[in-house]
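Basis for what follows: all heavy atoms, side chains included, without hydrogens, waters or symmetry-related copies. Treat the numbers as computed from the prediction; the structure is a model and nothing was measured.
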Amino acid sequence: MTAKISYDEVEVGTELPAQTFPVSRATLVRYAGASGDFNPIHWNERFAKEVGLPDVIAHGMFTMAEAIRVVTDWAGDPGAVAEYGVRFTKPVVVPNDETGALIEVSAKVAAKLDDDRTVRVDLTAMSAGQKVLGMSRAVVRLA
């Protein structure tokens, strides 16, 4: 596969379609099973609170993976992402209710790079009104 977005048609400032990703306790259990990360802060409310957290929190790598979906959906090919990095700034707190948490992600093209038809995309990931990822950036190779 290759990216469906053309480098020549993208401008700095182009906004990618924003997305919201729901996160429930069941989501965290499924992710723990797939990743092998069974740290109790991600599923055991009593333990999470004993170590000073407000409640169970989502896995950082899960949060990072959800955020990059905005870029891969836009590009049309996950393989178009050449680089991706974030700083974890706040946890995504996931209450044990019918709603859980939401991760709201927006992104925009911050720079057109001179090498290999790539662009830098800056992402903003929020949950409960707080920025949960900082310095969230991807380099994407376009068609």
Tell me, yes or no, whether the heavy-atom count around K108 atom NZ, taken from other residues, nucleotides or ligands under 6.0 Å, exceeds 12. no
Given 3.5 Å as the limit, does a donor-acceptor pair link the side chain of R120 with the main chain of V109, or not? no
Kindly say whether V10 contributes a backbone atom to a donor-acceptor pair with the side chain of T14 at under 3.5 angstrom? no
4.5 Å side-chain heavy-atom contact, F88 and M61: yes
Per the side-chain contact (heavy atoms from CB on, under 4.5 Å) rule, which among D122, T124, V105, L123 passes with S136? L123
Please name the pair of heavy atoms, one in P78 and one in T72, separated by the smallest distance, quoted to 0.1 Å. CA-CG2, 3.7 Å
Can you tell me if K112 uses its side chain to pair, donor with acceptor, with the backbone of R117 under 3.5 Å? no
Can a donor-acceptor pair be found, under 3.5 Å and without considering hydrogens, that links the side chain of S127 to the backbone of L102? yes
Below 4.5 Å, heavy atoms only, C-beta onward: do L16 and V121 meet side chain to side chain? yes
Can you confirm whether more than 12 heavy atoms, excluding those of D114, are under 6.0 Å from its CG atom? no
Indicate yes or no: does E83 engage R137 in a salt bridge with an N to O separation below 4.0 Å. no
May I ask you to decide if the ring planes of H59 and H42 are parallel, tilted or perpendicular, using 30° and 60° as cut-offs? parallel
Ionic contact status for D116 with R141, cut-off 4.0 Å: yes
Taking atom types as modelled and ignoring hydrogens, do the side chains of Q19 and D73 form a donor-acceptor contact shorter than 3.5 angstrom? yes
Side-chain donor/acceptor of T89 to backbone N/O of K131, under 3.5 Å: yes
Look only at the side chain of Y84 and the backbone of A65, and say whether a donor-acceptor pair between them is shorter than 3.5 Å. no
